[in-house]
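Below is one structure, written out as structure tokens; comments come after it.
Small disclaimer: the values here were computed from a predicted structure and weren't measured.
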Amino acid sequence: MKETYLNLMEKTLSAYTNEHILHYFERVKENGLTEHGFPRLTANIGILIAHGKRVDLLPLFTEMMEFCCKTMPTVDAANDFSVREIICCLLEVESSGVVEKETTQRWRTYLKEINPLTTYTIIAKSPTDTVKNWALFSGVSEFFRQTAGLCSSSDFIDLQIEQQLQWLDENGMYQDHPNSEIHHPVLYDLVSRGLFTLLLHQGYRGKFYDRISEALKKAALCTLSMQSPNGEIAYGGRSNQFLFNEPWMIAIFEFEANRYAMLGDMQTASRFKQASARALAVTERWLNAKPIRHVKNRFPTESGYGCEEYAYFDKYMITVASNLYAAYLVCNQDIPCENGADLLPCAWQSSPHFHKLFLKSGGYGLEFDFNADACYDANGLGRVHRTGAPSAICLSCPCPVRPAYRLDIKKPFSFALCSADRSGEDWLLGAEKGTQYQVLESGTNHNFAFATIACRLSNGKRITERYTVSEKGVTITLSGTDNLFYTLPAFAFDGEKESEITIAANTLTVTYQGYACQYMVSGSILDTGKTAANRNGHYRAFMATAKENLTVSIEIFQVEVGEN
């Protein structure tokens, strides 16, 4: 697998033509170093060259690395992120001997000039500071600099670590905001735990080692439950649905596989290895698409569709390679995989800080959010995945009403799989803020997972929702009141291709990329005439309805070539 990681790093770099890299460098030389995208690109080029790949870029890389090492200590350019990656590049280049020692020694001289108090943008100044994970990036970067023999900053490193440990919840997951009532992005939990992982892998054995190790161990088992059958990280919050997401999770899983192997628990080690392989497979599928895009849709890159303002291509495309390199560093490729781990029934609920519920069985995976950030997500059932099927064919993440990322529809609205009600000529959806959810029970049997959820819409209407997940699909039963409604998302457009949507009697079918998502309802199906949107594309909003005891069945299956 280590070679696979390097090969995919090279494929990631192929998204940047030589001309693109040259123009990028010219802009940086003209405008100065202002952020970490350029050093990240430089570092990954150097790492690939050190491994015998893209040696055609050696002269340009040498110039880029010289510029980065000389400039970074003197400017505020998000060095918190960059220093670790530049150090990794330096060590790889030195080990391979592809650059003359006189040159690498000069780079070392530059990097020794880093002053952690001034070079890093955000640092903790006391253990009770409220700064967030930039301080962890700074501490880890400084530790990598220390292990490279370029500084002795143990007190600074331990201060950053101590201050950051206060943000871990009871499951060891990282809360990205000092106010626990604020929504905590799933990716930022993974990124922060990934940084702790690299810290331990690189050799940190300071006074906080045991606390970090135990938190990582506990949270990694939770992440197994959160991972979708398609290998993807959970949805939720900013910077989600980008190709670099899964590689951070891979690094965590590789570390844990090695941990359990060393403990002699090969069954758990191989479970983590298989989870890593699933995440790697989804990353590889997107990297094999032409042209390569950095977000999980097929809209033109220049449109910025699905991207926050900071999430531009030059920064976030190469981040895939950076995170794959983190996985490469911690990978032990002698550990075998345990096939079929995604078929084990699972019901897991996060701490209230993350307000999530996950159900998995028979290759299907469901994710609920009961207090979603309306700028990124919506309440209710926001994901239904099936192993091997296109992630977006049912729903991969909810649709936000106030999108903090770019969409191209005029009237976004909160949309997920959820109960609903009529509100005059319009609809009142359980996806909207103001809906209250309570998990009454959840659990597993030998071949299915289940949950019963109480939903109270903002108009006071109460519905009981029962979910059952097995290899046969998903069954949703609604009861508790008359005139029941439940939303049915029909994936319509990925930015390049339209799906095929058909309605026959009480069945709605979406056919896309060789798969069909079929909804069968006990009542009737209404077309609301509305289109919702998320990072993956556009969804037509349909509604299942019945007088009482509404049942909705969801099945996702392959179709014959040519059927879509």
Checklist entry - Considering only heavy atoms from C-beta outward, does the side chain of Y235 approach that of D369 to under 4.5 Å? => result yes

Checklist entry - Are V295 and Y316 close enough, and set up right, to give a side chain to side chain contact (heavy atoms under 4.5 Å, CB included), and what steps lead you there? => result CA-CA 9 Å; V295 63; Y316 269 7; over 6 Å; no

Item to check | Option passing salt bridge (Lys or Arg N to Asp or Glu O under 4.0 Å) with R238 (candidates D373, D377, D176) | outcome: D176

Checklist entry - F313 vs H294 aromatic rings, parallel, tilted or perpendicular, using cut-offs 30° and 60°? => result perpendicular

Item to check | Donor-acceptor pair, side chain of H353 and main chain of Q175, under 3.5 angstrom | outcome: no

Item to check | Donor-acceptor side-chain pairing of Y174 and Q164 below 3.5 angstrom | outcome: yes

Checklist entry - Do E308 and Y376 have side-chain heavy atoms sitting under 4.5 Å apart? => result yes

Checklist entry - Do R27 and E30 meet the salt-bridge criterion of a basic N to acidic O distance under 4.0 Å? => result no

Item to check | CD-CG distance between Q160 and D80, expressed to the nearest 0.5 angstrom | outcome: 9.5 Å

Checklist outcome for this item: Residues at least two apart in sequence or cross-chain that pass side chain to side chain donor-acceptor pair (under 3.5 Å) with E66, listed by chain then number, are R106, W107, Y110

Checklist entry - Which class fits the ring pair H538 and F493: parallel under 30°, tilted 30 to 60°, perpendicular over 60°? => result tilted

Checklist entry - Any idea how F244 and F242 line up, ring-wise: parallel (<30°), tilted (30 to 60°), or perpendicular (>60°)? => result parallel

Next on the checklist: Which label fits H51 and Y328: parallel for a plane angle under 30°, tilted from 30 to 60°, or perpendicular past 60°?
Outcome noted: perpendicular

Checklist entry - Atom OG1 of T283 and atom CZ of R285: how far apart are they, to the nearest 0.5 Å? => result 9.0 Å

Item to check | Plane angle bin for F81 and H36 - parallel if under 30°, tilted between 30 and 60°, otherwise perpendicular | outcome: parallel

Item to check | Side-chain donor or acceptor of E246 paired with backbone N/O of I233 under 3.5 Å | outcome: yes

Output a table of donor-acceptor pairs, distance under 3.5 Å, between side-chain atoms of residues 5-12 and any protein atom two or more places apart or on a different chain; print 'none' if there are none.
from: Y5; atom 1: OH; to: E254; atom 2: OE2; distance (Å): 2.5
from: Y5; atom 1: OH; to: S276; atom 2: OG; distance (Å): 3.4
from: N7; atom 1: OD1; to: K53; atom 2: NZ; distance (Å): 2.9
from: N7; atom 1: ND2; to: E3; atom 2: O; distance (Å): 3.4
from: K11; atom 1: NZ; to: N288; atom 2: OD1; distance (Å): 2.5
from: T12; atom 1: OG1; to: L8; atom 2: O; distance (Å): 2.9

Next on the checklist: Once you measure the plane-to-plane angle for F491 and Y512, does it fall in the parallel (<30°), tilted (30-60°) or perpendicular (>60°) bin?
Outcome noted: perpendicular

Next on the checklist: Less than 4.0 angstrom from a charged side-chain N to a carboxylate O is my criterion; do E162 and R211 meet it?
Outcome noted: no

Next on the checklist: In terms of relative ring orientation, are Y24 and F38 parallel, tilted or perpendicular, with 30° and 60° separating the classes?
Outcome noted: perpendicular

Checklist entry - Are E232 and R278 close enough for a salt bridge, meaning some N to O gap below 4.0 Å? => result no

Next on the checklist: Would the distance check show the side chain of K360 and the main-chain N or O of P229 forming a donor-acceptor pair, the cut-off being under 3.5 Å?
Outcome noted: no

Checklist entry - So, N240 side chain and A234 main chain: donor-acceptor pair closer than 3.5 Å or not? => result yes

Checklist entry - Aromatic rings H355 and H183: how do their planes relate, parallel, tilted or perpendicular, breaks at 30° and 60°? => result perpendicular

